[in-house]
Amino acid sequence: MLTMDTFSFKGRKALVRVDLNVPLADGRVTDDTRARAIVPTVNKILADGGSAILMSHLGRPKGKAVPELSLKPVADHLATLLGKDVLFATDCVGDDANRKARDLAPGQVLVLENLRFHPEEEAGDPAFAQALAHLGDVYVNDAFGTAHRAHASTTIVARSFPHDRLFGYLLQGEIDSVSKVLDKPKRPLTAIVGGSKVSSKIDVLRNLLGKCDHVIIGGGMANTFVKAAGGQTGASLVEDDLLDTARAIVEQAKKDGVQLHLPTDAVVADAFSATANTDTAQADQVPDGWMALDIGPESIKAFREVVLKSRTLLWNGPMGVFEMEPFQQGTIAVAQAVAEATDKGAYSLVGGGDSVAAVNQFGLADRISYVSTGGGAMLEYLEGKELPGIAAITG
Ligand code: AMP
């Protein structure tokens, strides 16, 4: 396997799949986290004496050129981040891209227009992938957010580079962080799984059960477990069709010797609203018409204790409706406990859109060992699935 540190890009034209899918408002980048994340990979290519051809999608143009979803403003922003000029091709394939890629000199960067202006990108069209491949002579995949998609630029294009393909620093970092958690964790290993529904996390739970020492379940999905055990869940979000599944998970945990921790109390509200009346209740005694929207103080204390004695932590999904201020405390407390455990030497990985948003919102991201950049991709990876974008490089 080639790696960024051992590969020399001297005299090479690197075709790099990056994730420049950044939020834009009035043609300006409003959050450049993803653009900053690819800088180390680009700088290494340039420092070696190579050139970089960057390709990405932006938004959902659905196979048509949509001017508002042009990558041009992102390319301009990237120029500021890199401190150098960045060239731009007005289409990702065709004459302009071919000419600019051909004339690219060592040390130069070219950004191609939005890949998803062509329906062939998401269709994984081999001819389109070949047209992209034609632009460079080594392929680097540095886009974790799309690694679970078998698109032309993430997967199919790699076939044209049987000997010259590698992960960029960002994607390698994501792979290494999951490996630290799932393959060779320092124990105890604790997974904290939250979010709205059991149905979206069921495969993650199944995969984690066999590997973890502790699994903490919070968020809306905990209600289904509470009801499955015979509790009163009032008007809480419950997936009635998954009660048996929840019972099976509890049984499996017992068999695997995994300690499953469920909330014992909850912050309840009489409406799904930031201005609802609120109270605390035992998790299995939510009054009729009320709903559990966060874990309660007793659960926070118990979850904190488990987190603080863990040496490896994986967190996916909020403990409550953290977008509304009255239901934030559980998620804040868990985020803080994960940060504290990390300060004391534990390894922590936070993955999945909402928990990443939470650690950023609460200003704790720099006290977490690794904050993942891929929501859906991370979820599939934690389910134990082989991601096409990863398999295309390693396979
Ligand atoms: P997910 O995308 O499955 O990780 O779920 C994240 C969403 O779950 C967030 O938007 C939260 O507001 C929501 N959520 C967390 N706890 C609850 C709860 N107790 N009831 C309803 N929704 C919740």
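Hydrogens, waters and symmetry mates are skipped; everything else that's a heavy atom, side chains included, is used. All ligand and atom numbering here is 1-based and tracks the order in the structure.
There is no side-chain donor-acceptor pair under 3.5 Å between Gln282 and Thr264. For Thr342 and Ser369, the side-chain atoms include no donor-acceptor pair closer than 3.5 Å.
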Run through all N or O atoms in ligand 1 and write down each protein N or O closer than 3.5 Å, as a pair with its distance.
| unit_1 | atom_1 | unit_2 | atom_2 | d |
| --- | --- | --- | --- | --- |
| ligand 1 | 3 (O) | Ser196 | N | 3.3 |
| ligand 1 | 3 (O) | Ser196 | OG | 3.4 |
| ligand 1 | 4 (O) | Lys201 | NZ | 3.0 |
| ligand 1 | 5 (O) | Ser196 | N | 3.0 |
| ligand 1 | 8 (O) | Ser196 | N | 3.1 |
| ligand 1 | 10 (O) | Glu323 | OE2 | 2.4 |
| ligand 1 | 12 (O) | Glu323 | OE1 | 2.7 |
| ligand 1 | 12 (O) | Glu323 | OE2 | 3.4 |
| ligand 1 | 16 (N) | Gly220 | N | 3.0 |
| ligand 1 | 19 (N) | Gly220 | N | 3.4 |
| ligand 1 | 19 (N) | Ala292 | O | 3.0 |

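Although no hydrogens or angles enter the test, the distance criterion places no donor-acceptor pair under 3.5 Å between the side chain of Thr30 and the main chain of Ala25. Remark: side-chain polar atoms of Lys13 are paired, donor with acceptor, to backbone N or O of Arg102 under 3.5 angstrom. Not one N or O on the side chain of Thr224 forms a donor-acceptor pair closer than 3.5 Å with the backbone of Val238.
Nearest heavy-atom pair across Ala292 and Val268 is CA-CG1, 4.0 Å.
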